[in-house]
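Notes for the one structure printed next.
Note that the structure is a prediction, hence the values are computed from the model and not measured. Just the heavy atoms: all of them, side chains too, but no hydrogens, waters or symmetry mates, feed the values below. A, B, ... follow the sequence lines: proteins, then strands. Residue 1 opens every chain.
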Amino acid sequence: MTESTAPTLPTRYTPAEFEDAIYARWEAGDCFAPPAEPGNRKTFSIMMPPPNVTGVLHMGHALNNTIQDIVIRHRRMSGYDALWLPGTDHAGIATQAVVEKKLYQEKQTTRKELGREAFLKEVWDWKEHHGNTILGQLRRLGASCDWNRTKFTLDADMSHAVRVSFVRLWEQGHVYRGARIVNWDCKLQTAVSDDEIEYETRKGHLWHLRYPLSDGSGHLVVATTRPETMLGDTGVAVHPDDARSKDWVGKTLRLPLVDREIPIVADETVDASFGTGAVKLTPGHDPADYERGARAGLPIIIVLNKDGSINENGGRFAGMSRETAREAIVAAFDELGLLDGIEDYTHNVTISDRSKTPIEPLVSEQWFVAMEELAQPAIAAAKSGRLKFKPARWEKVYLDWLENVRDWCISRQLWWGHRIPVWYDEDEVPVASVDDLAIGSAHPKTGKPIVRQDDDVLDTWASSWLWPFATLGWPEQTADLRRFYPTQFLSTARDIIYLWVARMVMAGYAFTDEDGPLAFDSEDPQLCFSTCYIHANVLDAQGKRMSKSAGNGIDPVEMIEQYGADAVRYSLMILTREGQDVKLAANRFELGQRFCNKIWNAARFVLGHLEGEMAEEHGTAVEDRWIRARLAATATEVGAALEAYDFHDAATALYRFTWDDFCDWYLEAAKRRLRAAEDAPEDAAAQAEAARVRFTLGEVLRDLLKLLHPFTPYLTEALWGELPARLRGEEDLLITAAWPTSAGAEDATAVREFDLLRDVVRGFRNVRALLEIPAGDQPAGQLLAEGVEAETAIAGNQELVLWLARLASLTVRSDGERPGDSGTDLTRAGGVFLPFAAETDSGKLRASLEKKLDKVEKGVGGIEKKLGNERFLQNADAEVVASERERLLELQREAEMLRANLASV
RNA sequence: GGGCGAUUAGCUCAGUUGGCUAGAGCGCCUCCCUUACAAGGAGGAUGUCGGGGGUUCGAGUCCCUCAUCGCCCACCA
């Protein structure tokens, strides 16, 4: 029989040729869904963090979804009813902005011109046509989520859940409406929450303004970075301990330009050493002043319109933009001689996350959720260990936010989103309702006719926080909810720990942990998810965040096209260790590509040999026993790492086994007996041995494909399809095959023995390279074996060592005689020798030996010093001392041998 | 102002509870297109583990401190 490889497989790993077809097979086989009928099996569920419906896949998504896919594939193979539920988020502001922009560009119209209903139709239209780009991209990545259960946060059932949750909070008194100072986005013309703003350090000015005392006895100077807000000033504050406060507090000032009488008050929060020590108070437009004004009982005057321009309270400045007004007001103060000075000042400007324009704090009527009480169970969940973070340090971040949580402004002045389920009667008395209240119907409490529904919509996160259970049918008591909730694993980005993670846990306890229709096991009060995995940030090669505007992003889809989805997935996993940020350049995916190619070709080799006769028993040679032991150890290691969510460790173990053990040593070793059988077709013993080798090759490959599958699903599934049916058994598709259980294959003896052989082979290769023995030459190698184990190991496997070292002959001796005129190296099994040829230059060999000797002597010195130290002998563990003594003897022996070797070269 | 992370080979990173001569991939040097794979094989070189101090018989690992880089929170007008 001639060697041949499976004819269908190309020499190179060419993912584009099979990935789409493999994915289609999985979908056709309905492989992603858990069994329809719940059995007795354990469940494992993951809710995919829903990407924005406007989103396109970026590296963060690729990383996060690879993680989830690996976990779910591993659990699916391990016998769980595994559910990974996908979906998208309606992303109120982002989506509305996209469509508004499009409307303006294509039809030169605005949402206001269209009206609410027509505009929403446009958004839904856009969503249907462009909204699911990212889900398609996740398929390319290989995501094995249950697409039949795909959810959208504005689906009818999700909307119902949102209403029920709102009404419940309303009834419990956790939701309230009130005039509070909020972060106002003048561009988008909506309030945004504290978690949707950021600060940007900008160079600006600190203007010093003089406010004359009403009694004409002079003036007081205040400093401000926003002079235009003076139009809304209703007081000035100084610190009560400030020496000047005695003279000032109680007096009034004449506010210039608007000619208003405002009091001077004392407030503890004023920093007497900053600026002039006096701070103007604008309770309508500054969060700190809002608090101070409330303490002093000052009125609130709002001077800005929703678009940021000055309103009618601004007198002659009314109608100006905030920028224009600022200049005009400074000029006016200057004209009046009331401008005390201008200094350059670098300060933080509050910016809206969404529009990237400066936030104007302003007082307005909004809906809020009172958070403190709701936060308590979420705090307890983490503190009690029911909710674990990985890496654990993120728990602190989570707790810090919850323990200092502020009320959540949940109303948004948008149209795209869940409209607030509150109706008003003619006296503006509100009522929340799960079902629509018809205009004209009676208000349930007052009996007066309902006149309108609240115009605002809810913050997007007010639907996202229900995600783990609303996606399963909550508030209905569905079979899915009972079966798959709470979930086990959540993987997400660190920047939404507050926005999303903490709120989900709060919602979990607020809505699903009660004496409702759901019967939870009281001994298992863990809700939402038991592990929150915070994945790494993917940075560019310079360590900067990837961003659209900077143009430094790497497109995962392009990478998938170039390197293959498996290569992208595997690279991401081995590159990131436990949430440690990763600096990524496109060529880093070569690592995964090489690995995939290696798997591909190793499989081609094995498959090519499986065509011969296969025994039903394993080979019994040391390498057969060794590789099976290594496979068992690897399976254990990979399984444990995956259960601990240590993806990098699992990927590394797979790399080591696949490349170093299986390819570099086992396959090379196996060739010896396969070739022997080819060379002697009539030799029954050789044929039988080859048949056993094939069996081992096949079984090891089969299990290796299983272990690799979560990481490189396409490639392994494609190769699985090439395996002979007898190896696959009933398992037609790898995705639903059983995770290998390889207990019992451990074999410490084989591992020890093969390690000795491997060391001897390396010794020969080393000497050979140092002596620069030409490739064709096959000198007679000799080994001076040391120790019984080495002698038997080598004696029984001379042929194998020869094969691997590509030598002509090898003799094992133990009589202590050194062969003369030989190049030598020291191995753990003893000394290896290769005879000098006539023109041998032993210079390199000598240098190498000297270096080794130097290193060993250093080691000897170190240990001698240690063992000479009485305190070491007293304090160190007996085991450590014993092993040091052993080590010393070993090193001394090595040194001796090396010296002898040196003397003879 | 508070918190967190990072600093180990030329580059990117591992290094579990303190304990063999600190590892990997890429790059580099030598040899090899050996019939699975040149996206490969064999061999090799490369480290004052950011600085300083401390604890310890013993520190890359624990403590203190400093430096540099990055992130998060708070936000004084």
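- Contact annotation: side chain of A:Lys598 to base of B:C37, donor-acceptor pair present below 3.5 Å.
- For the OP1/OP2 pair of B:A74 and a distance below 4.0 Å, the side-chain nitrogens and oxygens of A:Arg406 include at least one atom meeting the criterion.
- The residue A:Val606 sits apart from the nucleic acid: no heavy atom pair falls under 4.0 Å.
- At a threshold of 4.0 angstrom between heavy atoms, the contacts of A:Lys544 with the nucleic acid are absent.
- Checked against B:G19, B:G40, B:A36, the side chain of A:Val880 finds its nearest nucleotide in B:G19.
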Problem set entry | Verdict with reasoning, A:Leu723 to A:Leu705, per side chain to side chain contact (heavy atoms under 4.5 Å, CB included) | CA-CA 10 Å; A:Leu723 279 183; A:Leu705 290 178; 4.2 Å; yes

Got a list of protein N/O to nucleotides 9-13 of chain B N/O distances below 3.5 Å?
from, atom 1, to, atom 2, distance (Å)
B:U12, O2', A:Arg588, NH2, 2.2

Seminar exercise, completed: Parsed dot-bracket for RNA chain B after applying the Watson-Crick and G-U rules with both distances under 3.5 Å and | for other-strand partners is (((((((..((((.....[...)))).(((((.......))))).....(((((..]....))))))))))))....

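- Put simply, A:Asn766 has a side-chain N or O that comes within less than 4.0 Å of OP1 or OP2 on B:G44.
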Which pairs would a plain distance check flag for residues 872-883 of chain A, meaning a side-chain donor or acceptor within less than 3.5 Å of a matching protein atom at least two apart in sequence or in another chain?
from, atom 1, to, atom 2, distance (Å)
A:Asn875, ND2, A:Arg871, O, 3.1
A:Ser883, OG, A:Val880, O, 3.0

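- Of the N and O atoms on the side chains of A:Gln580 and A:His648, not one donor lies less than 3.5 Å from an acceptor on the other residue.
- Within the 4.0 Å cut-off from OP1 or OP2 of B:A36, not a single side-chain nitrogen or oxygen of A:Asn601 is found.
- Within 6.0 Å of NZ on A:Lys855 lie no more than 12 heavy atoms contributed by other residues, nucleotides or ligands.
- Among the heavy atoms of the strands, none lies under 4.0 Å from A:Arg545.
- Among the protein residues, A:Leu584 comes within range of no part of the nucleic acid, since none of its heavy atoms lies under 4.0 Å from any strand.
- Side-chain atoms of A:Gln593 come within donor-acceptor range of the base of B:A39, with a qualifying N/O pair under 3.5 Å.
- Within 4.0 Å (heavy atoms only), A:Tyr398 reaches no atom of the nucleic acid at all.
- Looking at A:Glu668, its side chain has no donor and acceptor atom pair within 3.5 Å of the base of B:A42.
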Problem set entry | Worked check of side chain to side chain contact (heavy atoms under 4.5 Å, CB included) between A:Asp649 and A:Arg577 | CA-CA 8 Å; A:Asp649 292 356; A:Arg577 158 82 202 173; 2.4 Å; yes

Problem set entry | Test side chain to side chain contact (heavy atoms under 4.5 Å, CB included) applied to A:Thr11 and A:Arg604, step by step | CA-CA 8 Å; A:Thr11 339; A:Arg604 282 180 63 236; 3.5 Å; yes

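- The main-chain N or O of A:Pro361 is found under 3.5 Å from a side-chain atom of A:His285 such that the two form a donor-acceptor pair.
- In this model, a donor atom of one side chain and an acceptor atom of the other lie less than 3.5 Å apart for A:Asp344 and A:His205.
- With hydrogens and angles ignored, a donor-acceptor pair closer than 3.5 Å exists between the side chain of A:Asn348 and the base of B:C75.
- For A:Glu198, the CD atom sits in a packed shell: over 12 heavy atoms of surrounding residues, nucleotides or ligands are nearer than 6.0 Å.
- Remark: A:Arg594 is not in phosphate contact with B:A39, judged by side-chain N or O atoms under 4.0 Å from OP1 or OP2.
- For the pair A:Trp401 CH2 and B:C72 P, the computed distance is 17 Å after rounding to whole Å.
- Using a 4.0 Å heavy-atom criterion, one finds that A:Arg885 contacts no nucleic acid atom at all.
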